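One structure is given here, and the rest of the page talks about it.
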Amino acid sequence: MATEHAVESVVVHHEPQSFWRRYIFSMDHKVIAIQYMITAGLMGLIGLVMSWLMRIPLAWPGESVPIVAKIFPGLFEGGVLRPDAYLAMMTMHGTLMVFFFLTAILLGGFGNLLIPLQCGARDMAFPFVNMLSYWVFLLSCLIMLASLFVTGGAAAAGWTAYPPLSALEKAVPGSGLGQTLWLVAMAVFIASSVMGGLNYITTVLNLRTQGMSMMRLPLTVWALFVAAILGLLAFPALFAGAVLLLLDRHLGTSFYLSHVVVGGEHIVREGGNPLLWQHLFWFLGHPEVYILILPAMGIASEIISNNARKPIFGYRVMVYSIIAIGFLSFIVWGHHMFVSGMNIWLSAAFTLTTLIIAVPSAVKTFNWLGTLWRGKLRFTTAMLFAIGFVSTFVTGGLTGIFLGNPTIDIQLHDTYFVVAHFHIVMATSSVFGIFAGVYHWFPKLFGRMMDERLGKLHFWLTFLGMYAIFFPMHYLGFMGVPRRYYGFGLLQYLAPNTQDIQLFISVAAFITGAAQFLFLVNLIRSIWWGRRAEANPWQGNTLEWQAPSPPPHGNWGEKLPVVYRWAYDYSVAGASQDFIPQTVPIEQEPTGEPGRHVPLPTVAATLSGDGNGKPLQNGG
Amino acid sequence: MADVARPQGEQVGAVHAPIRTYLTVWGWLFVLSAIAYFVDIIHLTGWLKVVLLTVLALMKAGLIMAFFMHLRFERLTLVYAIVAPLILLVAMLVGLVPDGVAVFVRR
Amino acid sequence: MVAEVTVQQVEQKPSWGGGISPFGVSWQKLMMWIFILSDAFIFGSFLISYATSRASVGKWVDTGKVFALHIAGSEIPLLLIAIMTFILVSSSGTMALAVANAYERRKKETVRYLFLTMLLGLTFVGCQAYEWTHLIVDYGVRPWWNPFGPPQFGAYFFTLTGFHGMHVLSGVIYLGIIARQVAKGVYDRRGSYANVEIAGLYWHFVDLIWVFIFTMFYLF
Amino acid sequence: MERSGIHGILFALAVVVLVLVGVITIGDRWWWLPPLASVHGGQIDNLFTITLAITGSVFVLVHLLLAYFVWRYRERSAEQRAYFYLENRPLEVTYTLIPALVLTGLITAGTRAWFEIQGPPPQNALPIRVIGEQFAWRFQYPGADGQLGRFHPRFVSESNPFGIDPDDPAGRDDIVATELHVPLNRPVVAYIDSKDVLHSFFVPALRVKQDAVPGMTTRFWFVASQVGMYDIPCAELCGQGHYIMRGQMVVESDAAFESWLAQQPTIATMLGLSQ
Ligand code: HEA
Ligand code: HEA
Ligand code: CUA
Ligand SMILES: [Cu+2]
């Protein structure tokens with residue numbers, strides 16, 4: 001055993017010294033996390049600007065905006081955004097936001113930051129592959145951005161890239177080099193996320209510190225773990241699909257194409273099946289959206305428990321729900337294809353699985369409420385975003401129930417109702433998870449605190465703003481406004497006041513988007529001039545708070561921490577404080593860990609207010 | 001003491017089969033491949049062929065995974081963790097192929 | 001200090017002191033397994049796409065005829081593919097022997113079997129090259145067209161076998177690196193031949209995939 | 001952090017306002033589905049309303065609980081202590097089972113309606129072919145033989161923009177149009193094809209939506225129940241002109257329909273063939 005300790009110290013003091021090895025080509029998971037976050041954040045900002053561009057013609061159809069046109073001369077004609085530029089912006093907005101912003105920041109950013117810290121590991125299992133994963137991700141970002149500047153413009157077939165539109169050069173501007181680069185960038189992105197995923201999964205499984213059993217992992221780690229598994233098993237389908245599509249585009253195969261006439265020209269292909277792409281895409285696409293929500297759920301759970309000063313309600317059930325949601329998310333993909341011409345029996349099967357997924361979601365929702373109940377709620381900015389997450393997840397999840405029903409989906413498919421649904425769960429809930437996480441773990445990232453007052457202002461503008469943008473989109477959906485439309489002038493069934501709603505949405509979008517610059521200012525200011533953070537500013541239990549802020553290379557100094565209890569010993573009766581870090585031995589403080597304390601409170605006891613279990617004397 | 005309590009290091013290959021077992025498995029793979037080949041060239045058709053070939057392929061896969069890839073000597077949890085996700089491929093198959101048939105019908 | 005670098009240390013250094021629970025395997029091996037799972041999903045997606053396309057095309061090609069070899073005037077269906085299958089299965093066998101020898105830390109035998117495996121792998125790729133040439137030159141099969149039937153036949157033929165062949169080739173390179181390490185005694189010094197076993201996992205996986213390509217593409 | 005309680009109160013308020021706005025605007029139908037003009041659409045609207053009632057209640061319930069908890073349990077003093085509470089099996093089982101039951105109901109109702117709507121059309125249904133192209137809809141009606149002639153993109157040419165097989169005898173007497181007319185109260189089955197990329201045949205007022213997929217024919221049948229003119233927007237991204245791809249549908253009495261049909265050209269005249 002003596003040798004082991006010697007090795008430990010060798011590792012610990014082996015911090016790279018040069019600037020390049022330390023901050024650029026670093027293999028330290030925390031540095032990689034920051035790199036991911038900054039890159040992904042930039043991609044998010046680009047996506048945000050694109051959504052602004054899209055909102056202009058939607059609110060003011062045909063009106064000229066010379067000032068904006070000057071900034072983006074390539075996209076405007078006569079001061080008006082061109083229809084093909086609209087589609088390109090829409091496609092890139094969706095792609096950047098889903099993959100390059102959310103996936104990257106949640107798995108690459110928070111995964112890298114939290115998994116080793118909360119498992120009590122010194123780093124990822126294979127730091128070199130971890131570093132490679134980031135650089136490959138950056139490469140994919142560059143390829144995707146490059147596609148904006150090629151002749152013909154960026155890909156314009158939607159983020160779903162349905163062929164034949166995406167397979168034929170003539171079908172739509174941007175389906176030349178732009179679409180090819182889109183596919184290549186996605187393939188590279190997938191390679192990067194596989195490299196990341198391998199590390200996250202192995203690290204969670206094998207690199208937990210002593211005492212950190214799976215059922216003691218914080219929910220953040222559970223959620224990231226399951227999300228990583230989803231990525232690893234789902235992305236291959238898109239990879240295969242993208243390879244086939246590239247071959248269709250450049251080798252003249254006909255996986256997805258059959259004989260078509262585009263622009264008067266006959267394109268002779270035989271026997272392809274466009275639905276095949278849709279299946280492959282959504283076999284990824286649906287798990288993908290859960291890759292985006294699960295980590296946000298984990299972050300919200302952690303932050304809610306911490307700021308309610310209460311254990312998370314029903315920890316085990318929360319874990320099982322995460323697993324259940326993860327599994328179910330693989331077998332619901334067909335709900336995006338109810339009216340695509342898919343076999344109607346399949347639709348029925350997918351209805352079943354789709355609606356069942358609401359059950360574990362319900363459990364999670366009520367467990368969050370249960371955690372708030374009789375807590376001592378402290379409203380940090382992170383907490384506000386976390387409860388904002390609960391609100392928006394429920395609102396957005398419930399609209400999924402309409403869509404999951406194929407009969408109703410006949411009417412609602414590809415209308416703004418869908419746009420409303422996914423922006424509320426994804427653009428709002430998941431983004432709230434990210435904001436909550438950044439405010440909460442900022443001390444671990446940079447060793448300083450973010451400004452709470454600015455943060456709260458940011459929260460309020462964003463919370464109200466997001467609802468203002470996306471709630472009215474449901475109304476558009478009711479009225480049957482189709483999505484991916486550049487303008488609605490021809491549609492006579494729309495009441496004239498739909499245009500008022502569009503205007504309202506756009507104004508809200510500009511204000512909300514602008515509010516994000518508060519966040520940016522706060523971020524930059526705090527990185528350099530924020531108040532110095534102590535190790536455990538939020539009185540948290542999980543391991544990362546036992547390390548200094550920011551944790552040094554190797555995280556834990558000489559010795560790995562040892563874990564004696566679960567992560568949610570908040571307000572345990574008889575304890576000296578209202579939190580007990582996981583590293584505190586049972587002999588020193590009691591525990592409330594499930595299974596270790598007796599007995600479970602009954603309903604009657606709960607109502608009479610005496611549900612508090614007595615901790616076992618010696619849990620060992 | 002505290003840092004590393006669980007078993008460490010050279011666990012790999014602690015249990016494994018004698019070389020004879022590998023040779024036997026090798027032999028069986030030849031035999032099964034040969035059977036599959038004959039199933040094809042004697043022009044069996046229809047479901048019988050599909051079922052036979054599928055079973056043979058699964059048997060071969062099973063042998064490779066169990067012996068060559070050592071799953072037989074690993075913990076059962078690992079076996080489950082590796083085999084269970086394959087259900088999703090079955091789900092994919094069940095979702096896609098009938099739809100392929102449906103497309104054919106509606107050409 | 002340096003002189004004392006022992007088994008434990010090297011094994012442990014990259015893992016920062018983690019354990020092997022819950023699966024009882026090192027993180028390196030686990031990582032390979034997980035990678036294999038992910039890769040299996042790529043192949044799975046290709047094969048299932050192929051099955052779907054074939055279902056939606058309806059008629060298909062008599063692969064027995066296309067891949068027949070003419071020997072002494074008589075046509076033996078699928079002979080080349082049968083030979084290739086036997087080669088790849090054999091390479092799996094030699095790989096297993098390499099791993100078995102690695103357990104016993106028999107350096108020389110391990111290297112020998114690794115080389116044999118690489119040789120068989122290269123032979124397999126050679127056969128594949130021959131088959132491609134044959135189909136392209138003699139029959140005029142193209143990814144977008146072929147004389148036998150639906151164009152998807154050629155398309156999937158090149159995609160599936162090409163992707164698989166690339167895996168075999170990368171495997172040969174991978175084994176080459178491992179063999180070099182073995183020969184240089186790196187694993188003796190480390191006291192662990194685990195990397196040979198991990199490379200073996202990959203190689204057997206490539207063979208495993210071939211079982212399904214053989215069955216689904218050639219035999220069905 | 002001292003005075004953070006105020007944000008709890010604000011949050012509770014915001015959530016209540018949200019609930020009010022939602023309930024009023026949706027409950028009062030400020031914006032609503034287009035007026036219904038088909039028979040099967042009734043089923044869709046019913047399910048929509050039922051789902052709205054259920055999800056609406058959940059929305060209100062969850063948000064009110066959230067507002068109440070956030071307001072009631074906000075931190076007020078340093079001595080206050082949260083109530084250590086782990087879990088409550090009966091409660092958790094309850095809120096697993098109730099949604100499960102409700103959803104089972106929705107699944108049953110939804111799939112039943114789905115099979116009725118997607119099921120085989122009645123024997124006497126009038127077949128119509130709907131052809132999507134960048135960026136217009138075209139329609140083909142059977143002639144006296146009641147049969148639609150074959151369609152394939154390879155027949156498309158300047159003179160034959162509809163892509164109908166000139167050699168198919170069933171097609172000679174077929175009638176072609178660029179506006180869709182359908183008779184009132186008679187089942188119509190639309191066979192939907194595409195010349196180029198994906199489109200989607202969407203008639204909001206009739207609650208009809210079905211993608212047009214190149215390489216295969218999809219189908220949707222319906223009975224129009226209201227006379228009128230309806231838009232047919234395209235609901236699947238199909239290129240630059242997606243937003244201007246709009247057709248017109250006219251639902252009219254049988255007599256008006258027949259006389260309209262009689263005025264449209266046939267394939268034979270269009271292609272200069274004999275009947
Ligand atoms: C983070 C992302 C995310 C999440 C979490 C979800 C969650 C869900 N989604 Fe969503 N979805 C998207 C992202 C997401 N979705 C995207 C991006 C698209 C569009 C892609 C595109 O076309 O471009 C989409 C599209 C989409 C469609 C296709 C619509 C169409 O194109 O026609 C459908 C259809 O079934 C659907 C369903 C659901 C369901 C049932 C859930 C469920 O998981 C929701 C479960 C949650 C709840 C139900 C709330 C909490 C529950 C309770 C409080 C309990 C009580 C409830 C009841 C009793 C009803 N989604
Ligand atoms: C996570 C995903 C995400 C996000 C955040 C957004 C954000 C927004 N989206 Fe997006 N949108 C999509 C995903 C997303 N969208 C997808 C997938 C599509 C479908 C594309 C397709 O059809 O192909 C779509 C389509 C889409 C449409 C429909 C286009 C059409 O069908 O014609 C519209 C229309 O208004 C729209 C508007 C907006 C607006 C106004 C915002 C925002 O302005 C709202 C404000 C945003 C924020 C407040 C958060 C941004 C935060 C940051 C950038 C912070 C940076 C962070 C760090 C530095 C850590 N979007
Ligand atoms: Cu046609 Cu959109
Ligand atoms: Cu989905």
Side-chain angles (χ1 to χ4, degrees), chain A residues 83-84 158 162 164-165 171-172 258-262 274 309-310 314 317 339-341 344 348 351-352 355 359 362-363 366 369 372-379 394 398 401-402 405-408 410-411 414 475 478-480 482 484-487 490-493 571-572 592 594 603 611-612, chain D residues 4 7-8 18 31-34 44 47-48 51 55 58-59 62 65 69 73-75 80-88 90 92 95-96 99-100 103 106-107 110-111 113-114 118 153-154 156 195-198 204 207 209-211 213-215 218 231 233 235 237 239-240 242-244 246:
Chain A
D84 62 308
Y162 282 4
L165 196 61
V172 60
S258 61
H259 192 118
V260 298
V261 185
V262 171
R309 313 309 294 158
K310 266 189 76 190
V317 183
V339 300
S340 68
I344 59 169
T351 308
L352 181 75
L355 294 189
V359 174
V363 172
F366 291 115
L369 291 178
L372 293 174
W373 177 72
R374 296 190 67 179
K376 179 190 180 188
L377 308 188
R378 191 172 69 182
F379 295 98
V394 171
L398 288 172
I401 302 298
F402 292 79
N405 193 324
T407 310
I408 307 177
I410 293 175
Q411 179 69 5
D414 268 349
Y475 308 146
F478 291 165
M479 293 186 286
R484 295 168 166 175
Y485 264 41
Y486 167 73
L490 289 179
L491 302 181
Q492 274 145 28
Y493 64 95
S571 303
V572 180
V603 184
N612 208 349
Chain D
S4 77
H7 291 278
L18 168 74
W31 295 279
W32 202 241
L33 310 173
I44 296 182
L47 272 171
F48 180 82
T51 310
T55 55
V58 176
F59 171 74
V62 171
L65 280 178
F69 289 169
Y73 300 115
R74 65 186 192 276
E75 177 177 28
Q80 181 191 349
R81 200 121 198 226
Y83 176 47
F84 181 88
Y85 194 74
L86 278 183
E87 56 192 339
N88 184 322
E92 283 170 278
Y95 59 61
T96 311
L103 289 163
L106 283 177
I107 293 167
T111 39
W114 171 252
Q118 297 286 342
R154 76 168 161 269
V156 173
K195 281 185 196 171
D196 37 44
V197 298
L198 296 169
R207 314 289 189 260
K209 188 181 288 129
Q210 180 65 60
D211 282 7
V213 183
T218 55
D231 282 335
L237 178 59
Q240 225 188 122
H242 174 52
Y243 74 107
I244 46 169
R246 185 200 55 148

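If you're wondering where the values come from, they're calculated on a predicted model, not measured in any experiment. Below, read A as the first sequence line, B as the second, and so on, with proteins coming before strands; counting in each chain starts at 1.
- Heavy atoms only, all atoms of each residue included: D:A82 and A:R309 are closest at CB-O, 3.2 Å.
- Scanning for side-chain hydrogen bond (donor to acceptor under 3.5 Å, both in side chains) contacts around A:N405 gives an empty result, with sequence neighbours left out.
- Closest heavy-atom contact between D:G215 and A:S258: CA-OG, 3.1 Å.
- With hydrogens and angles ignored, the 3.5 Å screen pairs no side-chain donor or acceptor of A:K376 with any backbone N or O of D:E75.
- A parallel orientation is assigned to the rings of D:W31 and A:Y475, their planes being inclined by less than 30° (bins at 30° and 60°).
- The minimum heavy-atom distance linking D:L103 with A:L355 is given by the pair CD1-O, 3.3 Å.
- A:P482 touches chain D through its side chain: at least one heavy atom from C-beta onward sits under 4.5 Å away, while N, CA, C and O do not.
- Among all heavy-atom pairs drawn from D:P153 and A:V260, the shortest one is CB-CA, 4.3 Å.
- Counting heavy-atom pairs under 4.5 Å between each of A:D84, A:I344, A:V363 and chain D puts A:I344 at the top.
- When each of A:V262, A:V172, A:I401 is checked for heavy-atom pairs under 4.5 Å with chain D, A:I401 comes out on top.
- Shown here for A:A362 and D:P99, the closest heavy-atom pair between the two residues is CB-CG, 3.9 Å.
- If you take CZ on A:F366 and CD on D:E92, they are separated by 12.0 Å, rounding to the nearest 0.5 Å.
- With a 4.5 angstrom heavy-atom cutoff, D:R246 touches chain A only via side-chain atoms.
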task: Could you give me the CA-CA distance, side-chain angles and deciding distance for D:T55 and A:F402, then say whether side chain to side chain contact (heavy atoms under 4.5 Å, CB included) is met?
output: CA-CA 9 Å; D:T55 55; A:F402 292 79; 3.4 Å; yes
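- Remark: A:Y493 pairs with no residue by the side-chain hydrogen bond (donor to acceptor under 3.5 Å, both in side chains) rule, at least two apart or across chains.
- Counting heavy-atom pairs closer than 4.5 Å to chain A, the top residue among D:V213, D:L65, D:L198 is D:L198.
- Note that the CG atom of A:L165 and the NE2 atom of D:H242 stand 10.0 Å from one another [nearest 0.5 Å].
- A distance of 4.0 Å separates CD1 of D:I44 from CD1 of A:I410, quoted to the nearest 0.5 Å.
- Between the CZ atom of A:R374 and the CD atom of D:Q80 there is a distance of 10.5 Å, given to the nearest 0.5 Å.
- Residue A:K310 holds its NZ atom at 9.5 Å from CZ of D:F84, rounded to the nearest 0.5 Å.
- With A:T407 contributing its side chain and D:G110 its backbone, the two residues share a donor-acceptor pair below 3.5 Å.
- The nearest pair of heavy atoms linking A:F478 to D:P34 is O-CD, 3.5 Å.
- For A:V394, the part lying near chain D is the side chain, with the backbone staying farther off; criterion is any non-hydrogen pair under 4.5 Å.
- A:L372 has its side chain out of reach of D:Y73: every pair of non-hydrogen atoms, C-beta onward, lies at least 4.5 Å apart.
- Here A:Y162 contributes atom OH and D:D211 contributes atom CG; the two are 8.0 Å apart, rounded to the nearest 0.5 Å.
- When the candidates D:I244, D:T218, D:L237 are compared by the number of heavy-atom contacts under 4.5 Å with chain A, D:L237 comes out ahead.
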